[in-house]
2 protein chains.
Amino acid sequence: MTVTIKDIAKIAGVSHATVSRSLNDSPLVAEKTKKRIKELADNLGFEFNANARSLSTNKTGTVCAIFPQKFGEFGASLYYISLLNQLRTSLEEEGIDLIVSFPKSSKTGESNIKRLIISKKVDGIIIIHPRLEKIDGQIINFMELSKIPYIFLHHYSSFYEENLADSIYTDHFYGGYNATDYLIKLGHKKIMCITSVGNSYEFEQRLNGYKAALNQNNIPVDENLILFGYRDIASGYNLVRDNIKSITDKGVTAIFAHTDLMAIGAMEALKEFNIKVPDDVSIVGYDDIELAEDFKPALTTIHQPREEIALLGCKRIVEMINGKKIKNKINIVLQTRLVVRESTKQIK
Amino acid sequence: MTVTIKDIAKIAGVSHATVSRSLNDSPLVAEKTKKRIKELADNLGFEFNANARSLSTNKTGTVCAIFPQKFGEFGASLYYISLLNQLRTSLEEEGIDLIVSFPKSSKTGESNIKRLIISKKVDGIIIIHPRLEKIDGQIINFMELSKIPYIFLHHYSSFYEENLADSIYTDHFYGGYNATDYLIKLGHKKIMCITSVGNSYEFEQRLNGYKAALNQNNIPVDENLILFGYRDIASGYNLVRDNIKSITDKGVTAIFAHTDLMAIGAMEALKEFNIKVPDDVSIVGYDDIELAEDFKPALTTIHQPREEIALLGCKRIVEMINGKKIKNKINIVLQTRLVVRESTKQIK
DNA sequence: CAAAAATTTGTACACGTGTACAGAGATATT
DNA sequence: AATATCTCTGTACACGTGTACAAATTTTTG
């Protein structure tokens with residue numbers, strides 16, 4: 001049925017070892033033989049049996065990407081989908097297959113990782129995990145012990161200091177600073193900030209950036225203007241609607257939303273109170289999801305280089321898989337970029 | 001390093017065959033021995049080497065999902081992401097890993113499928129492919145010949161008639177009919193339809209349903225009210241903006257958009273001309289993406305049971321993988337459901 | 001209690017590939 | 001031409017698991 005190297009060997013009148021060596025481009029085979037075998041294999045539509053090969057070489061040509069639990073939730077999926085897409089594309093170029101896991105809990109996520117490693121189903125693990133506190137040191141130890149290449153994307157790893165885990169992420173502090181500073185440069189002084197609850201490193205940093213920009217420009221931080229919700233449209237809408245008084249009474253002229261979806265929700269709420277964007281209130285979002293560009297008014301936002309994250313992550317893990325000796329773990333911080341569109345305006 | 005069944009055998013003082021049988025719950029092993037071995041394996045953190053196992057059994061515990069090329073494009077990703085999510089969840093319950101592929105072209109998609117099949121990396125193939133014309137009969141023949149279980153999701157397969165391919169999809173005709181009929185029941189007579197170009201089976205059917213509902217209610221089909229664009233927000237926006245005259249002059253009171261994103265774009269355009277939704281114009285979308293609910297006004301739309309599609313697809317492919325004798329291919333058509341929200345209103 | 005039957009275990013080989021080592025054949029050296 | 005060297009190929013075993021068949025052990029039967 002399926003063609004094996006033994007079949008090819010029989011047809012070519014050589015040993016299966018010679019076929020194996022030929023197809024793996026070993027210098028031990030005479031060029032003429034090699035060429036003949038390769039052509040034969042091509043004609044027969046031969047593909048290596050991946051399982052036999054993996055058993056023998058301990059390489060699978062497969063990596064696994066573990067997404068955060070909230071992948072399934074709306075806002076998050078929209079956010080991670082381009083990461084997944086880019087990841088897949090980059091890996092395809094390396095001829096690596098991608099197994100995905102959207103674990104229901106961190107426990108199932110970890111047992112998944114363990115199973116995949118022990119059963120030798122994957123060559124490497126890519127963990128996309130924006131939150132700090134839920135990473136269990138145990139699983140990192142396990143990965144270290146098992147010597148499997150692994151990397152964290154979109155996550156600042158405290159393990160980096162111990163030279164334990166690779167990590168690639170973006171500078172959320174600067175993103176927050178940049179957005180706020182831009183609004184200030186436009187003349188805004190009363191800038192509301194709507195962010196997400198939870199011990200999320202990224203939101204914390206964006207908030208710190210916001211505060212730093214205010215301080216830098218000698219604008220006092222008004223804690224009442226910092227509102228906590230969730231990362232979706234509904235939450236942005238609710239936060240603004242429920243706090244509309246604090247906008248009208250305190251003379252808020254700008255809102256910095258910590259996700260684009262919150263920004264969109266906020267705009268919807270403002271519309272209901274007949275507050276015009278950007279004429280009355282300027283809005284800056286965060287993430288630069290594809291929706292941001294299409295929305296009316298098109299959203300000024302902080303672009304996260306997700307493509308670059310995926311690209312670098314792939315490159316790194318492929319290096320590790322290919323056995324490049326890694327002395328030190330890396331910790332790459334990528335810069336965000338302010339994308340100015342229609343939702344922000346110089347103050348009148 | 002890693003624990004194998006031989007290691008367990010040595011420790012337990014039995015042969016590796018007994019260990020293998022025990023861990024696979026063979027009735028050939030004495031209960032007492034079986035229990036002892038299982039506990040021992042547990043304590044040692046044993047997991048089968050997936051590659052050796054696959055080599056021996058020809059089962060991998062992995063399936064591959066091939067997504068359509070346009071997965072990466074915004075509108076599409078939003079649409080398929082919940083399918084992927086549900087697929088993953090259903091497969092997880094069966095203990096099956098999921099390899100994903102977002103091929104750049106149908107050619108790379110097919111060579112991916114072939115490679116995965118020949119190299120024995122997967123037990124089954126799930127193809128998500130809404131368009132008809134790009135499926136190549138050749139790849140279907142290949143899958144048939146290789147006897148690999150495969151299934152089409154979200155795609156009507158003409159191969160069904162030849163008893164070749166399983167297919168699970170939704171009734172786009174009825175969806176189109178239902179949306180249009182509902183608008184008519186609300187008193188609307190001039191109903192604009194914005195749809196997508198391209199030989200897509202689903203859009204064609206939705207359009208047929210639209211026309212059938214009009215006919216059924218003795219409303220003439222006005223071809224000028226049928227506009228073709230793409231499935232995203234920008235296109236919905238542009239179509240309505242560029243044809244605003246045909247709305248105001250012809251007294252259009254309702255728009256049936258063939259995707260939720262187009263509906264959202266249409267609403268944005270209407271807003272710019274101070275046409276109120278739903279007071280002046282009612283709008284119905286299609287898909288029921290999560291965005292539809294959060295948007296203001298919340299979108300009336302046709303819900304596609306993507307969760308059910310994924311669930312049934314998994315069930316079916318797992319049956320096939322487990323060797324259930326399949327006499328006839330199945331062709332499951334799931335019903336859509338009208339979800340009434342705020343964007344539609346009885347005509348004044 | 002011996003023989004037959006049933007149950008449990010072990011031996012040996014298979015799955016398809018990679019590779020160390022030995023050996024054959026070709027070429028170079030004296 | 002005999003020997004040494006180099007290039008190429010084949011043999012044999014390994015990777016970890018499953019299972020047919022044989023063998024050993026236990027249980028049942030007369």
Side-chain angles (χ1 to χ4, degrees), chain A residues 1-38 40-41 44-62 115-123 146 323, chain B residues 1-38 40-41 44-62 115-123 146 323:
Chain A
M1 201 77 285
T2 14
V3 183
T4 70
I5 57 172
K6 280 186 188 167
D7 298 330
I8 298 179
K10 197 172 280 176
I11 298 175
V14 296
S15 73
H16 86 272
T18 299
V19 176
S20 172
R21 283 192 273 251
S22 295
L23 299 178
N24 286 311
D25 238 347
S26 158
L28 290 179
V29 180
E31 281 304 328
K32 222 169 60 182
T33 325
K34 208 190 277 191
K35 194 178 160 217
R36 186 165 62 93
I37 304 267
K38 276 183 178 175
L40 186 53
L44 295 172
F46 172 81
E47 293 273 355
F48 285 105
N49 179 307
N51 302 306
R53 207 168 204 214
S54 300
L55 181 59
S56 188
T57 60
N58 255 322
K59 287 274 171 65
T60 63
T62 312
R115 179 182 56 81
L116 289 168
I117 293 176
I118 303 183
S119 70
K120 301 269 171 68
K121 253 192 143 169
V122 296
D123 294 338
S146 68
Chain B
M1 202 76 284
T2 13
V3 183
T4 71
I5 58 172
K6 279 186 188 167
D7 298 329
I8 298 180
K10 196 171 280 178
I11 297 176
V14 296
S15 74
H16 86 273
T18 299
V19 176
S20 172
R21 282 191 275 251
S22 295
L23 298 179
N24 285 311
D25 237 346
S26 158
L28 291 179
V29 180
E31 281 304 329
K32 223 169 60 181
T33 324
K34 207 190 277 189
K35 198 180 157 213
R36 188 165 61 97
I37 305 266
K38 277 182 177 174
L40 185 53
L44 294 172
F46 171 81
E47 294 271 356
F48 285 107
N49 179 307
N51 302 307
R53 207 168 203 212
S54 300
L55 180 58
S56 187
T57 62
N58 254 322
K59 288 274 169 64
T60 63
T62 311
R115 179 182 55 81
L116 289 169
I117 294 176
I118 304 183
S119 70
K120 301 271 172 67
K121 252 192 145 168
V122 296
D123 294 337
S146 68

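Chain letters run A, B, ... following the sequence lines, proteins first and then strands; every chain starts at 1.
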**Request:** At under 4.0 Å between heavy atoms, which parts of nucleotides 14-20 of chain D does protein reach? Answer with one letter per nucleotide, 5' to 3': B base, S sugar-phosphate only, - none.
**Result:** -BBBBBB

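Partners of A/Ser20 by side chain to side chain contact (heavy atoms under 4.5 Å, CB included), not counting sequence neighbours, listed by chain and number: A/Ile5, A/Asn24. Under the side chain to side chain contact (heavy atoms under 4.5 Å, CB included) criterion, B/Lys10 pairs with no residue, sequence neighbours left out.
Note that CD1 of A/Ile118 and OG1 of B/Thr2 are 9.0 Å apart. Values are rounded to the nearest 0.5 Å. Taken from CG in B/Asn51 to NZ in A/Lys59, the straight-line distance is 13.0 Å, to the nearest 0.5 Å. Between the NZ atom in A/Lys120 and the OG1 atom in A/Thr57 there is a gap of 10.5 Å [rounded to 0.5 Å].
Summary for the helix from C/dC1-D/dG30 to C/dT30-D/dA1: the axes at its two ends, each from 5 pairs, differ by 50° when rounded to the nearest 10 degrees.
A donor-acceptor contact shorter than 3.5 Å links the side chain of A/Lys121 to the backbone of B/Thr60. Formation of a donor-acceptor pair under 3.5 Å by the B/Ser119 side chain with backbone atoms of A/Asn49 is not found in this model. At distances below 3.5 Å, not a single donor-acceptor pair connects side-chain atoms of A/Lys38 with backbone N or O atoms of A/Asp25. No donor-acceptor distance shorter than 3.5 angstrom exists from the side chain of B/Ser56 to the backbone of B/Ala52, with no hydrogens or angles considered.
Within residues 25-33 of chain A, the residues that place at least one heavy atom under 4.0 Å from DNA chain D are, in residue-number order, A/Leu28, A/Val29, A/Ala30, A/Thr33.
Each salt bridge (Lys or Arg N to Asp or Glu O under 4.0 Å) pair with one or both residues in residues 11-20 of chain B, not counting sequence neighbours, would appear here, but there are none.
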